[in-house]
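Take a look at the structure below.
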2 protein chains.
Amino acid sequence: MISEAMEDADRVLVDLGNRSYDILIGDRLVDRAGKEIAERFPGARAAIVSDETVASLYLEQLRNSLASAGVDSAAIIMPPGEKTKSFEHLMTVVDEILAARLERRDIVIALGGGVIGDLTGFAAGVVRRGMHFVQIPTTLLAQVDSSVGGKTGINSARGKNLIGVFHQPALVLADTSVLDTLSAREFRAGYAETAKYGLIDQPEFFAWLEGNWKDVFAGGEARRRAIATSCRAKAAVVAADERESGARALLNLGHTFGHALEAAVGYDSSRLVHGEGVAIGMVLAHQFSVRLNLASVDDARRVEAHLADVGLPTRLSDIPGDLPPPDRLLEHIAQDKKVERGRLTFILTKGVGQSFVAKDVPASEVELFLKEKYGQ
Amino acid sequence: MISEAMEDADRVLVDLGNRSYDILIGDRLVDRAGKEIAERFPGARAAIVSDETVASLYLEQLRNSLASAGVDSAAIIMPPGEKTKSFEHLMTVVDEILAARLERRDIVIALGGGVIGDLTGFAAGVVRRGMHFVQIPTTLLAQVDSSVGGKTGINSARGKNLIGVFHQPALVLADTSVLDTLSAREFRAGYAETAKYGLIDQPEFFAWLEGNWKDVFAGGEARRRAIATSCRAKAAVVAADERESGARALLNLGHTFGHALEAAVGYDSSRLVHGEGVAIGMVLAHQFSVRLNLASVDDARRVEAHLADVGLPTRLSDIPGDLPPPDRLLEHIAQDKKVERGRLTFILTKGVGQSFVAKDVPASEVELFLKEKYGQ
Ligand SMILES: NC(=O)c1ccc[n+]([C@@H]2O[C@H](COP(=O)([O-])OP(=O)(O)OC[C@H]3O[C@@H](n4cnc5c(N)ncnc54)[C@H](O)[C@@H]3O)[C@@H](O)[C@H]2O)c1
Ligand SMILES: NC(=O)c1ccc[n+]([C@@H]2O[C@H](COP(=O)([O-])OP(=O)(O)OC[C@H]3O[C@@H](n4cnc5c(N)ncnc54)[C@H](O)[C@@H]3O)[C@@H](O)[C@H]2O)c1
Ligand SMILES: [Zn+2]
Ligand SMILES: [Zn+2]
């Protein structure tokens, strides 16, 4: 009975009419990928895009799984790291997909973290004006966030994720066991996005995480539950607002500050990875909400305490090395894509699990707040 | 899809639900662009993408028109020619749109032929995952075909238009007077696409063109009628099948052969431009249909005679210089995007105005046919 339960995967449907798709969450799904894919795309061939690190761990396993289901595959391997989300690498992936002579009914598979998922999804979205796309996310961040929802893209020197398309996957396979090889730091970074769903509108999930985070880190049932809860939350938001015109913006909690910090360190992952930026960003969003008399100091402290507990950075001073001055950070925020006509759009909060979209936040308030933070 | 006289412009609606848009067709619309745009996008700023040739003729006129309607604009100028539909130029346009600090409510305007329209539409489709996009087509080909329908893209070394997105414009302004500066050769090339609509399913339009083509070339009312009829035909097909899963494929009449010929001459426009490839391609499609006992020799001759009358190339031997051998042409056809699982999809015809999609054309038949043609 127990082993049967472990073999079974959780299933979350992303409901988008005739573009709906499944997210499967469970152990050893890479081994089942061939079967799941061959069932959905009979006769298709595949191009797998991965990074060197992930490929050395799981590429053979995936290709074997595909081969035993009769799915022929080509592999396209990129260097690991955020810098891979560039025009240059997009060009290479696109060219190699074309070189593999994939046709319109074939599929492109992303095997990796959010970097590989975003880059590959973009490439799949533009080759022949859109190829079928399967996500096999291998980081916690990618499993709970980036692999679901169809946002794809690369970075520009002028800002993160400024270039891309919406291109929904046809299937997401979140294999919880591949997270065992993920570094503790990357796991923590992904955990920030998991906690985000609690902070947006599920206070009971946040409370559950506060009590059970060690089990989530350890693996097994608690991990699967945290990932499935996150996927369900993201799937609901995506189904309600595919193109991020309204409610979906809530998913950006912590991201306006977070993206600015990533830009400020020049996307140097030795100093800051995305989820760490989000962790600091979420704490700042709560503190900024306190400053605007929206949330209580206690709530802001509770958020900071939990994220610090799991080992995430929560303050500007937790980032190694020097940061640019506050007005430079503000510039990064202003160039961020969540800006309309000079007014800043921020996700603010009334407390744990009570986030909302604020469209008219004055830049001057943000600047004062940041200056205060730099002083601490 | 409705059409009505508006001031002195025809208006065709492309009916795509909440992404519906107008095509306006008439004289001196560049001068009215500012007003039409400001009405639809109050407060927006614009980036205009054009090529050197078109910019030297119409950029100032357009910017003045925008400025007098209060629309601030930046200009991004590309070299003219098919080679501009490359990754490199895409990168430049994207970067300059971002450098102009356009926000999500602002607009990107393509002022030029199909090359500028395809490149700019692609850039507009990927900057911030989709910016508003206005087409001001300045060639006959772009007015009757490429500016309508949202297909955008660039070429790959592996084939034409293999990389791109569907991104519908929000407005198309077809200024019939700018065609006065177009070379006779480019006008003829665009005329091939106009004639295509007759050949697809409007035999009476084709007959009208046979009798009135000189007036269409001369300008005025006949020209406007030919363009509006073409736009109406294209708008209907696009509304019925936005993503080219079915009926829209008919628009590819003459294009499978045409694209292969363009590739065969290395996209050297001194030897062959797109519309010329389509003209030869349409004649070949009719002759191939005769060979398959679908159409009559008389129909094929009638098509060839009319296209030759207006001065278009209609035979392989009309292309200056040497062509690669037939099997190389077939390879180009096989790499074309209208291939699924090795079977060739062709638009064939039962006669003038009776085209249809054939999905299982054996490659061997195409090869025999081409060898025969090479022999002539
Ligand atoms: N599209 C979206 O909606 C969305 C949402 C959130 C974040 N993102 C993007 O996601 C990216 C960050 O993703 P990420 O944190 O997964 O980074 P990542 O893809 O760079 O992965 C982090 C590191 O872990 C390694 N790795 C991945 N899986 C592993 C495994 N199972 N075992 C061992 N090592 C493994 C990778 O090689 C890499 O070095 C950012 O670019 C961010 O913009 C996108
Ligand atoms: N997106 C679609 O649905 C679609 C459909 C058909 C064709 N296309 C694409 O369109 C492209 C061909 O377009 P095109 O034939 O317009 O070529 P083009 O854009 O290269 O224009 C042809 C030449 O005419 C010049 N020119 C343009 N307007 C002028 C004017 N008013 N006066 C003087 N010179 C002018 C240009 O500088 C250029 O040298 C091809 O790349 C083809 O793939 C796209
Ligand atoms: Zn994130
Ligand atoms: Zn064409």
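Chain identifiers are assigned alphabetically (A, B, ...) following the order of the sequence lines, protein sequences preceding nucleic acid strands; residue numbering begins at 1 within each chain.
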(request) Find out whether A/R128 and B/I163 are in side-chain contact, i.e. whether some heavy atom of one side chain is under 4.5 Å from a heavy atom of the other. (result) no
(message) Counting C-beta onward and ignoring hydrogens, is there a side-chain heavy-atom pair between A/F87 and B/D95 closer than 4.5 Å?
(response) no
(message) Counting only non-hydrogen atoms closer than 4.5 Å, does B/V165 touch chain A with its backbone (N, CA, C, O), its side chain (CB onward), both, or neither?
(response) both
(message) Once rounded to the nearest 0.5 Å, what's the spacing between atom CZ of A/R129 and atom CG of B/L162?
(response) 9.0 Å
(message) For the CD atom on B/E88, are there more than 12 heavy atoms of other groups (residues, nucleotides or ligands in this structure) within a distance under 6.0 Å?
(response) no
(message) Please identify, among A/T152, A/L90, A/V127, the residue contributing the most non-hydrogen atom pairs under 4.5 Å to chain B.
(response) A/T152
